[in-house]
Structures are given as C-alpha cells and as structure tokens.
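Inspection log for the structure reproduced underneath, given as structure tokens.
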There are 2 protein chains.
Amino acid sequence: MAQTFLRKLRHGAHLTQENENVLIALTRPVRSLAAREDVSIEGEPRGHLTLIVEGWACHYTTLENGKRQIVSLYLPGDLCEPFGILPRFMTNAIAAITPVTIAQLRHDTMRRTAQASPRIEEALWWDLLTSFAIEREHLISLGRRTATERLGHLFCELHLRLENIGLVDDELSYDMPVTQADLGDLLGLSLVHVNRSLQELRATRLMSLRGRRLTIHNLRGLRELSLFDESYLQRVTSPSRHQPHAEIGEPA
Amino acid sequence: MAQTFLRKLRHGAHLTQENENVLIALTRPVRSLAAREDVSIEGEPRGHLTLIVEGWACHYTTLENGKRQIVSLYLPGDLCEPFGILPRFMTNAIAAITPVTIAQLRHDTMRRTAQASPRIEEALWWDLLTSFAIEREHLISLGRRTATERLGHLFCELHLRLENIGLVDDELSYDMPVTQADLGDLLGLSLVHVNRSLQELRATRLMSLRGRRLTIHNLRGLRELSLFDESYLQRVTSPSRHQPHAEIGEPA
DNA sequence: CGCGGGCATTTACTTATGATAATGACCGAG
DNA sequence: CTCGGTCATTATCATAAGTAAATGCCCGCG
C-alpha cells in the first residue's frame with residue numbers, strides 16, 4: 001500500500017525493515033478519486049497528510065484573472081504536504097490528473113514517529129527537501145528555459161522520478177497522462193504553444209510522444225537540449241535495503 | 001543581533017521571552033560580505049545555517065547556457081537554508097546583493113533545541129513553510145503573470161516582508177536596492193524589458209521608484225494590478241510578545 | 001450506427017518579450 | 001577635474017509566445 005513511498009525513500013534514505021514497518025503502520029485507509037476531481041475536502045481540519053498511492057495528481061492555483069498555474073506534479077509515492085505542516089498552512093488545491101487512489105497519514109502520529117526515530121526523521125526530511133528542490137527547478141524552468149527546453153526538462157525529470165518507483169519500461173518509456181492543456185498550465189505556456197513545441201521536440205528525434213506513451217530515444221541528447229542536471233533530485237543510493245541494525249542516537 | 005529574526009517570527013509564532021533567549025544564544029558570531037560577494041565557502045562541511053542580519057542577499061542558479069535565475073530573495077531576519085537540512089543538501093549559491101552581515105546558527109544545536117521546545121519547533125516550521133510559500137508564489141509569477149504584474153507583485157510582497165521587520169517608512173516607502181539587471185534575473189525577464197515595464201508601472205502612478213527608494217502611492221490599486229493576495233505570507237498575529245507561561249507538551 | 005465530448009492539430013494574426021547596441025546619468029578614485 | 005565603472009534609459013529590430021477559431025481524431029454511449 002505504501003510500498004511505492006518506501007521504494008522512493010530508498011533512493012535517498014537508509015531505512016531498516018523495522019523503520020519501514022513503522023511507516024506502513026502509519027498509513028490509513030485509501031480513498032479513490034476520479035480524474036479531474038479535487039483531492040481536498042474544503043475546510044476540513046486536515047489532521048493528516050495525503051499520500052498518492054496510484055495515479056497522477058497536481059497542486060495548482062487559479063489567479064483572479066482566471067489563469068491557472070500548476071505548481072507541482074505528484075506521482076505515486078509522493079506526499080502532497082510537508083510532514084511538519086502547521087494546521088492552517090497550505091490551502092489545498094490538489095486535483096487528480098488521472099484516476100487516483102490516495103492514502104492518509106495521521107500528522108501528529110507522523111511527527112511523534114519522526115521524533116522517536118532519527119532515521120525516519122531523516123528520510124522524511126530527504127523527501128521534503130527533494131520535493132522542494134523539484135519545485136525550485138520548476139521555477140528555474142519557468143524563468144529561464146524556452147518552451148522546448150521546459151518540456152524536455154520535464155520529461156527528463158519524470159523519467160528519473162518514475163524510474164525511482166519502477167514505472168519506466170526498458171529504461172526509456174513511460175506513461176505520460178498529462179494533457180497538453182495541463183502541460184501548458186504546468187509550464188506557463190499556452191495550449192497552442194505546447195503543441196508547437198512538442199512537435200519541435202519530436203522533430204529532433206530525441207524522444208516521441210504518441211497517445212499517452214512517452215519514449216526517450218536519446219537520453220543524453222534530450223538532457224543536453226533541456227539543460228538537465230539530475231543532481232537536484234538528490235538520488236544518493238541505489239535502491240538497496242539497508243541491513244537492519246541499531247539506530248544511532250543522533251541525527252547525522 | 002538576531003533581533004530581526006525574532007521580530008519576523010512574532011508575525012507567525014508564539015514565543016516566550018525564554019524561547020527568544022534560547023534562540024539568541026544559538027546565534028554565532030557575525031561575518032561581513034561586500035555586495036556581489038558569494039556567501040558560501042565552497043566545499044565547506046556546513047554545519048550551520050546562514051541568517052541574514054543586515055542587507056539583502058539572494059539564492060541563484062546559473063544554467064549551462066549562462067542564463068541566471070534568482071530563486072529567492074533574502075532580507076534581514078531570513079534564514080538561507082531549511083533548519084532540518086541534511087548535510088550535503090542544497091548546494092549553496094547565495095550571493096550578497098548589498099553589503100551584508102550574516103550570522104550562523106549551529107545546525108545540530110538548532111535541531112536539538114527544536115526537539116526540546118515545541119514552540120520553537122513550531123516557529124521554525126512556520127518560518128520554513130512561509131519561505132517555501134514565497135518561492136511558490138514566485139513560481140506562479142513566472143508562469144502566469146505578465147512583466148508588469150511580476151514587478152508589482154514583487155513590490156507588494158517586499159512591502160509586507162519589510163514591514164514585518166520594521167523597514168518600511170510611513171507604511172509605504174522602503175529601500176529597494178535590487179538592480180534592474182538583477183530584477184530581470186529574479187523575474188525571468190531581460191534587463192531591457194524590466195526597464196520598460198518599470199516605466200509602465202510608474203506611469204500608472206500607483207507607485208514610484210527613484211534612486212533606491214520605492215514608494216507606494218496606492219497600495220490597493222497596486223495589489224489589484226499585480227493579482228496580489230497576501231494570504232500566502234501567513235501573517236497570523238500582530239507582532240505582540242506572548243505572555244510567558246509553561247509550554248504545552250505536544251506540538252499543536 | 002451516429003452523436004457528443006475530450007483532446008490534438010492547424011492556421012492566421014497579434015503581441016509581449018528578447019537581443020544588440022548606443023547613450024546618458026551618477027559617483028568615487030586618483 | 002576627469003577617467004572609468006556601474007547602472008538606467010532609449011531605439012531598432014528579431015522572435016518566441018499568445019489568442020481565436022476552425023478542423024480532425026478517437027472513443028464511449030445510446
């Protein structure tokens with residue numbers, strides 16, 4: 001159930017089997033959502049965090065003039081809110097992109113658990129800081145990358161994030177269910193220009209996108225074109241399980 | 001020394017006098033930097049956080065093609081790194097905009113302190129999440145606001161952030177030492193276009209900028225024009241000191 | 001089988017923004 | 001005072017991106 005979450009964490013944290021069991025125990029029952037449905041229950045006190053179990057979702061804002069900006073894309077295994085969240089913080093405007101199933105993690109339990117185990121705490125920090133780094137890189141795209149570069153960069157990022165959780169086939173092909181209109185709202189472009197740039201990108205033969213399937217033909221080439229440097233994703237280890245032993249007393 | 005930091009925290013957290021003393025005690029000696037100088041000592045193990053005591057700084061990235069994007073602006077009282085940071089995280093590319101003095105907070109001591117006092121922990125979370133919210137709003141600007149709106153929005157934001165720390169005169173005028181070239185790198189615009197848009201903004205008579213002095217003539221008008229909604233800054237309380245009493249056992 | 005809806009694709013046109021380069025204003029150092 | 005540096009301003013030209021609107025494609029549903 002929270003398997004994908006753990007799988008992702010293994011790329012940046014060292015958790016024992018015991019740690020993982022604790023995290024799994026925190027996971028509360030699952031809820032399903034239709035595509036385009038909003039995740040949040042408006043005004044709910046929100047004593048829990050949202051974990052994407054399956055499907056894609058996003059965090060967005062709508063400005064007064066009606067323009068929409070997607071701030072963040074959430075894949076399976078992603079937490080939609082910071083684990084140290086304060087009660088009133090972060091108005092939720094999270095919407096499902098595909099049909100989605102979510103799980104919920106009780107926030108107070110979560111923090112108690114983090115205090116009790118330095119390893120878990122560190123894993124949660126790694127996850128949080130990584131997701132901030134992703135948003136930051138997104139900001140850089142919007143500020144200083146061209147339309148084509150933005151698209152390419154996104155596809156390179158998704159490639160790694162999906163690979164982390166085993167959703168890439170043959171190391172180069174994955175499902176990309178985001179609509180061109182949504183790509184526009186994500187990358188700060190108009191629908192039409194997304195279409196144009198997508199074609200330009202296909203014309204380079206570095207990648208292709210047909211139906212909902214994205215295939216990378218030349219990873220290095222695509223990364224160069226997109227000014228992509230993977231270091232911001234903070235993948236430190238291969239996804240190996242750590243040998244369980246006693247935890248050290250202090251967070252590193 | 002850390003007074004500005006505390007002053008800012010009072011807008012979102014409830015600290016006792018005792019709490020504040022503890023935070024002050026954490027603050028390590030101060031260092032000075034010339035304008036344009038980089039803050040970070042490359043490769044240093046970084047066992048501490050950087051606190052801006054005086055002056056303005058920024059966090060930036062330079063892409064392979066030479067383009068530069070400023071990700072975040074740091075004012076007095078701002079922490080340049082998340083308090084729960086992992087050792088290697090967050091490559092530092094922080095530069096002084098004006099002459100700057102910084103202080104350093106020992107990272108391990110910081111976390112121990114947070115664990116010991118729920119109020120301090122909550123204050124630090126408030127600060128961290130607020131600075132993320134600011135970056136997120138910045139992202140929205142880059143994606144969906146026009147050049148003029150971006151500039152206006154920035155000036156509205158600075159107005160509040162500076163007011164929090166008492167750096168606004170008569171509630172409408174403050175020092176704005178950021179160069180037009182830097183504004184471009186911050187807002188994803190070219191130098192020339194910043195200049196153009198600045199004039200357009202002045203022409204509205206909603207605000208003016210001469211020398212390094214920014215004056216807002218019509219706050220409501222400027223906010224409307226910029227699609228500015230202050231709620232993301234999470235100012236909850238007037239800057240009143242909380243009456244000191246025993247802390248509650250659990251973080252809220 | 002045919003209709004409607006969601007999504008992708010084009011076309012034609014407008015506009016915001018970028019690139020280059022020259023000029024002016026200001027200011028501190030010698 | 002004057003030279004050089006930094007920053008602001010202007011002008012000209014080039015282009016990326018937006019807007020509007022029509023068309024095509026696919027697919028599920030009745």
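Because the structure is predicted, anything quoted here is derived from the model rather than measured. In what follows, every chain begins at residue 1, and chains take the letters A, B, ... in the order their sequences are listed.
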Whole angstrom value for the distance that separates [atom2] of [N] from [atom1] of [X]:
X      : N      : atom1 : atom2 : value
B:E200 : C:dT17 : CD    : C1'   : 12 Å
B:L189 : C:dA19 : CG    : P     : 11 Å
A:L183 : C:dT9  : CG    : C1'   : 15 Å
B:R210 : C:dA25 : CZ    : P     : 16 Å
A:D185 : C:dC7  : CG    : P     : 12 Å
B:D182 : D:dT6  : CG    : C1'   : 12 Å
A:R150 : D:dG18 : CZ    : P     : 8 Å
B:L187 : C:dG18 : CG    : C1'   : 15 Å

Given [options], identify the nucleotide with an atom nearest to the side chain of [X].
X      : options                : result
A:R36  : C:dC7, C:dT9, D:dG18   : C:dC7
A:T146 : C:dA8, C:dT17, D:dA17  : D:dA17
B:V192 : C:dT10, D:dA11, C:dG18 : D:dA11
A:Q180 : D:dA17, C:dT9, C:dG18  : C:dT9

Parallel, tilted or perpendicular: rings of A:Y74 and A:H59 (30°, 60°) |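 Perpendicular.
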Before giving the answer on salt bridge (Lys or Arg N to Asp or Glu O under 4.0 Å), spell out for B:D78 and B:R161 the whole-Å C-alpha distance, their side-chain angles and the decisive distance to 0.1 Å.
-> CA-CA 10 Å; B:D78 282 344; B:R161 289 172 67 188; 2.8 Å; yes
Does B:R223 make a cation-pi contact with B:F228, if we ask for NZ or CZ under 6.0 Å from the ring centre and within 45° of the axis?
->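 Not satisfied by the 6.0 Å and 45° rule.
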Over all strands shown, is [X] touching base, sugar-phosphate only, or nothing at heavy-atom distances under 4.0 angstrom?
X      : value
A:S190 : base
A:G188 : sugar-phosphate
B:L191 : base

Polar pair under 3.5 Å, donor/acceptor by atom type, side chain B:R196, base C:dG18 =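 By the distance-only test, yes, there is a pair.
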If each of A:R212 and A:G143 is mapped to the nucleotide of DNA chain C with the nearest heavy atom, which maps nearer the 5' terminus, i.e. the 5' end?
->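 In this pair, the answer is A:R212.
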Hey, is the side chain of [X] poking within less than 4.0 Å of OP1 or OP2 on [N], counting only N and O atoms?
X      : N     : answer
A:Q199 : C:dT9 : no
B:R202 : D:dT9 : yes
A:N195 : C:dT9 : yes

Indicate yes or no: does B:E137 engage B:R145 in a salt bridge with an N to O separation below 4.0 Å.
->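 Answer for the salt bridge query: yes.
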Examine the side chains of B:R196 and B:H193 and answer whether a donor and an acceptor come within less than 3.5 Å of each other.
->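 Looking only at side-chain atoms, B:H193 and B:R196 do form a donor-acceptor pair, the distance falling under 3.5 Å.
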